[in-house]
Amino acid sequence: MEWVLSVSALLVAASFSAMAVYLILTLKSVSKTLDTLSRSLDGLKGDVEKVAKETEEVLRSTNRLIQDIHEKSESLNGVFQALGDVEKTIKGFNDSLGNFTVSVQEKLERNKDALAQVVQWSSIVLELKSKWEEVRNRKKPKKAEEKEFQS
């Protein structure tokens, strides 16, 4: 019976040794996996830092662009206000011109008889003036002929 105990103790020792070896191999495998994972995470950390820096630069550029667009839109507000003022001025000018035209038409309508008389008298005066010049021109050649004759 003693030998059974010895064999049992030997089997227990062998099982324990096998289990210890299996546990050591498993722990080494886990250790390698954790080392690989650690290196991968270090690489990812570097990549994440690069992406974070690039993202920060993109955000800065976007903020500058938004600020520039805002400033330009503010400056355009003044232009649009000026155009609105020009529109009001032109509308006022058109209204004034329309009122002036209506006023002139009304005055012409009221005074059309007087204007017709003025036009008639003007044409009579011009006709008399042209007849007067004709008469003067007829007299001048006669005087020129008399001067030649006397020479």
For a side-chain contact (heavy atoms from CB on, under 4.5 Å) with [X], tell me which candidate from [options] qualifies.
X: Ser122; options: Val125, Val119, Ile124, Val118; answer: Val118
X: Val21; options: Leu25, Leu23, Ile24; answer: Leu25
X: Asp68; options: Arg64, Lys72, His70; answer: Lys72

* Taking a hydrophobic cluster as the set of Ile, Leu, Val, Met, Phe, Trp and Tyr residues connected by side-chain heavy atoms closer than 4.5 Å, whether directly or through intermediates, do Val102 and Phe93 fall within one such cluster? -> no
- Kindly work out whether a path of hydrophobic side-chain contacts (I/L/V/M/F/W/Y, heavy atoms less than 4.5 Å apart) joins Val4 to Val12. no
Under 4.0 Å between a Lys/Arg side-chain N and an Asp/Glu carboxylate O for Glu134 and Arg138? yes
Hey, mind stepping through Val104 and Lys107 against side-chain contact (heavy atoms from CB on, under 4.5 Å) and telling me if it holds?
-> CA-CA 5 Å; Val104 168; Lys107 287 179 183 177; 5.8 Å; no
Looking at [Y], is its backbone amide N or carbonyl O close enough to the side chain of [X] to form a donor-acceptor pair, meaning the two atoms are under 3.5 Å apart?
X: Ser38; Y: Leu34; value: no
X: Ser61; Y: Glu57; value: yes
X: Thr33; Y: Ser29; value: yes
X: Asn137; Y: Glu133; value: yes

I need the [X] [atom1] to [Y] [atom2] distance, nearest 0.5 Å.
X: Leu5; Y: Leu10; atom1: CG; atom2: CG; answer: 12.0 Å
X: Ile90; Y: Leu97; atom1: CD1; atom2: CG; answer: 12.5 Å
X: Lys91; Y: Ser96; atom1: NZ; atom2: OG; answer: 10.5 Å
X: Gln67; Y: Ile69; atom1: CD; atom2: CD1; answer: 10.5 Å
X: Asp42; Y: Lys45; atom1: CG; atom2: NZ; answer: 7.0 Å
X: Phe80; Y: Ser73; atom1: CZ; atom2: OG; answer: 10.0 Å

| message | Pair Lys112, Glu109 - check salt bridge (Lys or Arg N to Asp or Glu O under 4.0 Å), show working. | response | CA-CA 5 Å; Lys112 73 179 176 183; Glu109 190 64 35; 3.2 Å; yes
Sorted by chain and residue number, the salt bridge (charged side-chain N to carboxylate O under 4.0 Å, His left out) partners of Glu56 (sequence neighbours excluded) come out as Arg60
Review point. Would one find more than 12 heavy atoms of other residues, nucleotides or ligands at under 6.0 Å from atom CD of Glu71?
Key: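 Yes, enclosed.
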